[in-house]
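One structure below.
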4 protein chains.
Amino acid sequence: MATEAGAATRRRAGRQRDHSRDAVILEATLAVLAEHGYDRMTIDLVAARAGMARATVYRRWPTKAELVLDAVGRLSSTDVGEIDAAQLPDTGTLREDMIAMIRPFDDEQQQIRIQAVIGLLVLARTDDRLAQAALGAGIGPWIDINRALMQRAVDRGEFAPPADLETLAELIPMMCVSRAVQQLPITYEFSVALIDGVIIPALRGTT
Amino acid sequence: MATEAGAATRRRAGRQRDHSRDAVILEATLAVLAEHGYDRMTIDLVAARAGMARATVYRRWPTKAELVLDAVGRLSSTDVGEIDAAQLPDTGTLREDMIAMIRPFDDEQQQIRIQAVIGLLVLARTDDRLAQAALGAGIGPWIDINRALMQRAVDRGEFAPPADLETLAELIPMMCVSRAVQQLPITYEFSVALIDGVIIPALRGTT
Amino acid sequence: MATEAGAATRRRAGRQRDHSRDAVILEATLAVLAEHGYDRMTIDLVAARAGMARATVYRRWPTKAELVLDAVGRLSSTDVGEIDAAQLPDTGTLREDMIAMIRPFDDEQQQIRIQAVIGLLVLARTDDRLAQAALGAGIGPWIDINRALMQRAVDRGEFAPPADLETLAELIPMMCVSRAVQQLPITYEFSVALIDGVIIPALRGTT
Amino acid sequence: MATEAGAATRRRAGRQRDHSRDAVILEATLAVLAEHGYDRMTIDLVAARAGMARATVYRRWPTKAELVLDAVGRLSSTDVGEIDAAQLPDTGTLREDMIAMIRPFDDEQQQIRIQAVIGLLVLARTDDRLAQAALGAGIGPWIDINRALMQRAVDRGEFAPPADLETLAELIPMMCVSRAVQQLPITYEFSVALIDGVIIPALRGTT
DNA sequence: CGATAAACGAGACGGTACGTCGCGTCTTCTG
DNA sequence: CAGAAGACGCGACGTACCGTCTCGTTTATCG
């Protein structure tokens, strides 16, 4: 019956939490994070920017760390999430595939993301769970895509299976982190240079 | 005047600062850093572990960040500092040179160093000066050595000059950071695999 | 229009407020008040004890203070309210009249009432209106009765009119408050002693 | 030996707590208390008025309640403390003794004291220890003096020993509390009326 | 050798952010 | 509409750490 079916799915009683506010808070979090850095970011600042009370933030995330974690995670899924699985670019060669994937990461938001990751890394020891999550949230999807593209290239015989494909998948993102830390811009050219100068030779060199 | 005479050389009156304590503090700093992570590291904790008063720490380093920076820096110069310039290993091939350099970094202290770097990165936005310094203190010498070894290999004609030697010099350290963040061990094998699977192919591939 | 017809008398549309719940809430209020004291009494606690939602309480009383005020007021009128005016005990002598009036106050609930008054007094500064009301609700009727009994005794010539009858009327209740604050029991004997040892001599002494 | 004698009494190491600040804070506490009442009094407000940081207040008193308690206690000892024991007025008659004692209480500060007591009473249930302390701090000395004066009058045969001297000692203070709650002024005349109209008759009436 | 000036230990102090809790209001759903 | 459940804005609470300051004690150097 419809009533029973609804009963199972029935929303909890009481005023519904306005989940549209989640996004506003996360957005504010990223903004403040980008502007002040992790340790100068304040829940008060975030709440003020989101135009709501501090308690409203705390009702959703128990600590500053979890909030930032989610904010960065959301950031990733926003522009990457939909590019999953089958609909990856398929140009026939790994080089073209990877270059096709650079665009969405070659922008200003990329900087924010990496800054956020860096901000979270400080908590690695504080909360073990956060260590991986920070990486995962910030550059996880990026790594995932690289891994998928390379695996496909291997599968179709473009390259022999490398000893450590995982490390190669992490290579570009990590080198971008390196540049971010040094306040250097992350350019299209830099990424292409990595593909042509490191990734492809490494895969070819395994032969 | 008598007072001016020898003013340059004469030590200031009063009790002399005991510089042997500097090392004790830095050691304590690294220990606490490794144990609790940057944000849970407290000056109080460090002072207690070093067996002295908080003020004694602050007399030497103005802020927590500078303290950690120095601690990590000291860590680097301890086992790397003296290996500068001419006395680098010279086996004739880049591969053997680099492998010879792995040892001093292939230990538990390496983990501490990287954790410290990570801890400091959070301050990149707070204090621009610290951003580079953090990297420099933690993995700077490591990068320097790699750069030197590669440059020498290029100079003696072992490889053609790569487009971006700097990035290649940073490659191993950064990939080690990546593993550290993921709580994975940094093994000898991992480093060798990077040399054989990525660095050498990349240099050869440029040809 | 039909809608307008009888608008004055017609009850408002929709579900009617269940006024039997008022009493339940007030009862719960007194219970929590007695158990935890005013400042640890929570509207949540009261609502939970009454078995209803917080909003249901707030629909009836705008603030915590008003709620307690009413609860204490209700308490008074419950056992005193109907004893008004003409039906006061009339034994012929003030002493016997007052002793006859002691009973209804000589119980455990009396303690609750006084505790509640005490709890409310803290709000005297916050809300001037509440200052008097708190006293009135808690011990007002008690004072009223004493005043009436004494006035009658004066009227029938038992005593000469005292300089400050009002103060004498407040005397017993206030001394009971004093004992309550000191966690001492308010006994029958104590009240009789006040009548014989203070009230009567004071009235006689005026002569 | 002087050194050892000093060792026992030696002040704790470290910067000495500036106890002159205690008084400033207590003063500020009383001022804010008188101005806003207990529940609207804020530690922040007190600290601001005292011209120091919130932490400085919390270093001395763990909670708001303890702070107010001490503030009121200090108030009592300030103007009453020194009037102890032997140096009570001794005019030969209880009436004159008590009237001589009215002065120090017949002022504006008396109002503050009573307001503070009232403010604290709300915590009686929260912290049993505070219940008595509140009374003691606010009007304890006042009661003590009354008790002493009456006892002396009894001792010299001015009156026969009353059944409950304690209650008589509390009588004037409690009736003043009553007036304070009702926002009535506590005048010299009121106190004298109590002495002549209630206390003296009550003592005489016991005969 | 005694004066003196700085190091040192201990901890107070001014700040500032944290995360919690309660009030009284508002929203949403169910009866 | 009443009532339940609970989100929300507000603001105080008490805690923790930072970096500075104060003050009594210790120790090296200078006169």
Side-chain angles (χ1 to χ4, degrees), chain A residues 3 6-7 10-19 21 39-45 47 51-64, chain B residues 2-3 6 10-19 21 39-45 47 51-65, chain C residues 11-19 21 39-45 47 51-65, chain D residues 6 10-19 21 39-45 47 51-64:
Chain A
T3 353
R10 189 166 63 218
R11 303 152 78 176
R12 299 200 327 285
R15 177 171 175 177
Q16 252 32 54
R17 187 175 288 179
D18 183 353
H19 286 289
R21 282 162 166 254
D39 66 331
R40 288 207 179 159
M41 171 194 134
T42 287
I43 302 287
D44 256 322
L45 229 51
M52 35 199 114
R54 204 154 40 103
T56 301
V57 176
Y58 275 113
R59 207 167 283 119
R60 290 163 165 78
W61 294 275
T63 64
K64 181 179 169 182
Chain B
T3 352
R10 193 176 64 227
R11 301 158 81 177
R12 296 202 321 283
R15 181 171 171 179
Q16 282 337 98
R17 185 175 293 177
D18 181 354
H19 286 288
R21 285 163 163 252
D39 67 330
R40 287 207 179 159
M41 170 194 133
T42 286
I43 301 288
D44 260 317
L45 231 50
M52 39 198 112
R54 208 153 35 106
T56 303
V57 176
Y58 274 113
R59 205 167 285 118
R60 290 163 166 78
W61 293 276
T63 66
K64 180 180 168 180
Chain C
R11 301 159 79 180
R12 295 203 324 283
R15 182 170 168 181
Q16 294 311 307
R17 184 174 294 176
D18 181 354
H19 285 288
R21 285 165 162 253
D39 68 329
R40 286 207 179 159
M41 171 193 133
T42 288
I43 301 289
D44 259 318
L45 231 51
M52 40 197 111
R54 220 180 24 198
T56 304
V57 176
Y58 275 112
R59 204 168 286 117
R60 290 162 166 78
W61 293 275
T63 67
K64 181 179 168 180
Chain D
R10 191 164 62 216
R11 304 151 79 179
R12 299 202 325 286
R15 177 172 175 177
Q16 251 34 52
R17 188 174 287 178
D18 182 353
H19 286 289
R21 282 161 166 256
D39 65 332
R40 288 207 179 158
M41 170 193 135
T42 288
I43 301 286
D44 256 322
L45 229 51
M52 37 198 112
R54 205 151 45 98
T56 300
V57 176
Y58 275 113
R59 208 166 283 119
R60 291 164 166 76
W61 294 276
T63 65
K64 182 179 166 181

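Computed over heavy atoms, backbone and side chain alike; hydrogens, waters and symmetry mates excluded. Numbers restart at 1 for each chain; the letters A, B, ... are given by sequence-line order, proteins then strands.
- Distance A:Asp18 CG to E:dC26 P: 16 Å, rounded to the nearest Å.
- Contact detail for A:Gly14 and A:Gln16: the closest heavy-atom pair is O-OE1, 2.7 Å.
- Here CZ of B:Arg21 is found 9.5 Å from CZ of B:Arg59. Values are rounded to the nearest 0.5 Å.
- Put simply, B:Arg17 has a side-chain N or O that comes within less than 4.0 Å of OP1 or OP2 on E:dA7.
- Contact check, D:Arg21 against E:dG14: a side-chain N or O comes under 4.0 Å of OP1 or OP2.
- If you take CE of A:Met52 and C1' of F:dG11, they are 18 Å apart, rounded to a whole angstrom.
- Residues C:Ala55 and D:Thr63 each lie close to DNA chain F; by heavy-atom proximity, the contact nearer the 5' end of the strand is made by C:Ala55.
- In this structure, D:Arg60 places its CZ atom 12 Å from C1' of E:dG11, rounding to the nearest Å.
- The distance from atom CZ of D:Arg15 to atom P of E:dG11 is 14 Å, rounded to the nearest whole Å.
- In terms of position along DNA chain E, the nucleotide closest to A:Thr42 lies nearer the 5' end than the nucleotide closest to the other residue of the pair C:Tyr58 and A:Thr42.
- Distance OG1/D:Thr42 to CZ/D:Arg54: 10.0 Å, rounded to 0.5 Å.
- Rounded to whole angstrom, the span from the CD atom of B:Gln16 across to the P atom of F:dT29 amounts to 5 Å.
- When the side-chain nitrogen and oxygen atoms of C:Arg40 are compared with OP1 and OP2 of E:dC21, none of them lie within a distance under 4.0 Å.
- The distance from the CE atom of C:Met52 to the CG atom of C:Asp18 is 8.0 Å, given to the nearest 0.5 Å.
- Across the protein-nucleic acid pair, B:Leu45 atom CG and F:dG19 atom C1' stand 17 Å apart, rounded to whole Å.
- Residue contacts shown for D:Arg54 include a base, since a base heavy atom lies under 4.0 Å away.
- Rounded to an integer number of Å, the gap from CG of D:Asp39 to P of E:dG24 is 11 Å.
- In this entry the distance linking CD1 of A:Ile43 with C1' of F:dG11 reads 17 Å, nearest Å.
- Within the 4.0 Å cut-off from OP1 or OP2 of F:dG14, not a single side-chain nitrogen or oxygen of D:Arg59 is found.
- Toward the 5' end of DNA chain E, the nearer of the two residues D:His19 and B:Ala53, judged by each one's closest nucleotide, is B:Ala53.
- You'll find that the side chain of B:Lys64 is closest to F:dC18, out of F:dC18, F:dC10, E:dC18.
- Of the inter-residue distances, the one linking C:Thr63 atom OG1 with C:Ile43 atom CD1 reads 8.0 Å to the nearest 0.5 angstrom.
- The shortest distance between the side-chain N/O atoms of C:Thr56 and the OP1/OP2 oxygens of F:dA4 is below 4.0 Å.
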